[in-house]
Structures are given as C-alpha cells and as structure tokens.
Amino acid sequence: MHSTTLADPRIELVNAASRFYQQGWMVGTAGNLSTRLPDGSFWITASGCLKGELTLDDFVRVYPDGRLESSANLKPSAETSIHQCIYTLFPEAQACYHVHSVEANLVSGLAETGKLPLPSLEMLKGLGIWEENPCCLMPVFHNYLQVERIADEIKERFSSNPPKIPALLIRNHGVTVWAESTVQARNYIEILEYVFRYMVAARKMG
Ligand SMILES: CSCCC(=O)C(=O)COP(=O)(O)O
Ligand SMILES: [Zn+2]
C-alpha cells in the first residue's frame, strides 16, 4: 500500500523562479510568483528577496481575510494586490506569475491605446488561441507608482472586457500570466517571452 503526500506548492515556485532567473527574466529581486491553495489563501514570494536563490522561507501566505503568515514576519510582494485581483477575477486561476524581461519592456512601448497586437505565430496555440491567422491583442497597463492603482485598472477593464489570453503587460515593467496550474503558468511565461523575442527580432530585420 502506497501513501502519497502532497508536495509543498512552494517548491514549484522556487524551481520556476530559478529557471526564470537563469533566463534573465527575474534578475536581482525582480518579479513575483504565487500559487493558490484549496482554502483560498495563496503563497506569494516575499518582497525584495533574490529570486534566483529562493528558499521555502521566502514566501508569505496571504489569507482571504487579509491575514498574513510567514516564517519571519516577511512582507508579501509589493505587487500582491495584482495577484489578489487576478484570483478574484478568474476563479479558475491557481497560479499567477510575473517576470521582468528586456524584450517585454521593449515591446510594451509598441502598444497603442492599451493593446499590443501579437504576431499570428503558431505558438499562440499554447495560449489557447486556436485560429488561423489570429488577431490577438494583449492588454497593456500604465505602470503607476502605486501598485494598487494598476490593480484597480486591471479589475475595471477585465470586469467588462476579459482578455482573450490569460496575460497582461505593464508598460516598461513586465508581463503577468495566470493559469490553472503552476506548470501551465510557467508554460505561458515561456511562450510569451518567445513571442516578445520574436517581435524584437522581427523589428530588427525591418
Ligand atoms: C527591481 S524589482 C522592482 C519591484 C517589482 O517590480 C517586482 O516585481 C518585485 O517586487 P517584489 O516586492 O515582489 O519583490
Ligand atoms: Zn514587477
């Protein structure tokens, strides 16, 4: 008879951050990752920790009533309000990942009126877009100094107009994705960063 114990969900976040760090998408303290638990709380990276060398102690558990739990009175990510907003808007979301890449920042400058047209690449199928020559617009938000203001705009815009893909860009800041699992969230980040690299390379070619 085998007994199975569930792995600590923070392990997947530590591993994802390490991979993203190696890609140059979570350099220094940049970015934040979270995953939701069955009781509605979520684990999120603590603010200001080095994302390339996280340990299980570098997380804060945020409960629906606002209560916080961590090993050493750590502060949750400064961008926790965005994760909270995503989990409220999308009940199926179990993970929310945010990274900073050079390419995401370069392409965010190409967006007009808060929308960035993505090239109709085969890779978009990995984001759930199963159309021939899709017209896919990625939502882009202003990078307000007050993060709560970004979260408020996301809530307002997505409540009436949910995006076609589970992702958003904050101008000159980075990309955020949400997914039904941590594995899927990692997949979405990798696909979008590929798309951004393609867009930068395509502009270089003229
Ligand atoms: C140099 S990173 C600036 C803050 C930020 O955008 C970020 O993603 C990391 O903030 P956190 O509080 O989650 O460490
Ligand atoms: Zn950030």
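Any value given below was found using the heavy atoms of this structure, including those in side chains, with hydrogens, waters and symmetry copies removed. Read the numbers this way: they start at 1 and go in the same order the structure lists the ligands and their atoms.
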Query - Ionic contact status for Arg61 with Asp39, cut-off 4.0 Å - result: yes
Query raised in the report: Among protein heavy atoms, which lies nearest atom 6 (O) of ligand 1, and at what distance?
Result: Glu79 OE2, 2.8 Å
Query raised in the report: So, Phe59 versus Phe42, ring centres under 6.0 angstrom or not?
Result: no
Query raised in the report: So is there a nitrogen or oxygen of Gly48 less than 3.5 Å from a nitrogen or oxygen in ligand 1?
Result: yes
Query raised in the report: Taking the six-membered ring for Trp, is the centroid-to-centroid distance between His173 and His98 below 6.0 Å?
Result: yes
Query raised in the report: By number and element, which atoms of ligand 1 are closer than 4.0 Å to a non-hydrogen atom of His173?
Result: 6 (O)
Requested in this report: Specify the protein heavy atom at minimum distance from atom 13 (O) of ligand 1: its residue, its atom name, and the distance to 0.1 Å.
Outcome: Ser77 OG, 2.7 Å
**Report entry** Angular separation of Glu79 OE1 and His173 NE2 about the Zn ion (ligand 2), given to 10°
**Finding:** 100°
Query raised in the report: At what distance is the nearest protein heavy atom to atom 12 (O) of ligand 1, and which residue and atom is it?
Result: Ser47 OG, 2.6 Å
Query raised in the report: Is the NZ or CZ atom of Arg197 both under 6.0 Å from the centre of the six-membered ring of Tyr194 and within 45° of that ring's axis?
Result: no
**Report entry** Linked, directly or transitively: Tyr87 and Leu13 (ILVMFWY side chains, under 4.5 Å)
**Finding:** no
Query - Ionic contact status for Glu148 with Lys155, cut-off 4.0 Å - result: no
Query raised in the report: What's the shortest distance from atom 3 (C) of ligand 1 to any protein heavy atom, and which residue and atom give it?
Result: His100 CE1, 4.2 Å
Report task. Identify, for atom 10 (O) of ligand 1, the protein heavy atom at the shortest distance, and state residue, atom and that distance. Result -> Asn32 ND2, 3.9 Å
Requested in this report: Could you tell me which atoms of ligand 1, counted from 1 in the order shown, lie closer than 4.0 angstrom to a heavy atom of Ala30?
Outcome: 2 (S)
Requested in this report: Only counting residues at least two apart or in another chain, list the ones meeting ring pair (Phe, Tyr, Trp, His ring centres under 6.0 Å) with Tyr144.
Outcome: His142
Query - Atom of His100 closest to the Zn ion (ligand 2), considering N, O or S atoms - result: NE2
Requested in this report: Please say whether Ala78 places an N or O atom under 3.5 Å from an N or O atom belonging to ligand 1.
Outcome: yes
Query raised in the report: Does Ala167 have any side-chain contact (heavy atoms from CB on, under 4.5 Å) partners at least two apart in sequence or in another chain, and if so, which?
Result: Met138, Ile165, Val177, Leu192
Query raised in the report: Between Lys51 and ligand 1, which residue portion shows a heavy-atom distance shorter than 4.0 Å: side chain, backbone, both, or neither?
Result: side chain
Requested in this report: Answer yes or no: is there an ion pair linking Lys125 with Glu122, defined by an N-O contact shorter than 4.0 Å?
Outcome: yes
Query raised in the report: Looking only at protein heavy atoms, which one is nearest to atom 1 (C) of ligand 1, and how far off is it?
Result: Thr29 OG1, 3.6 Å
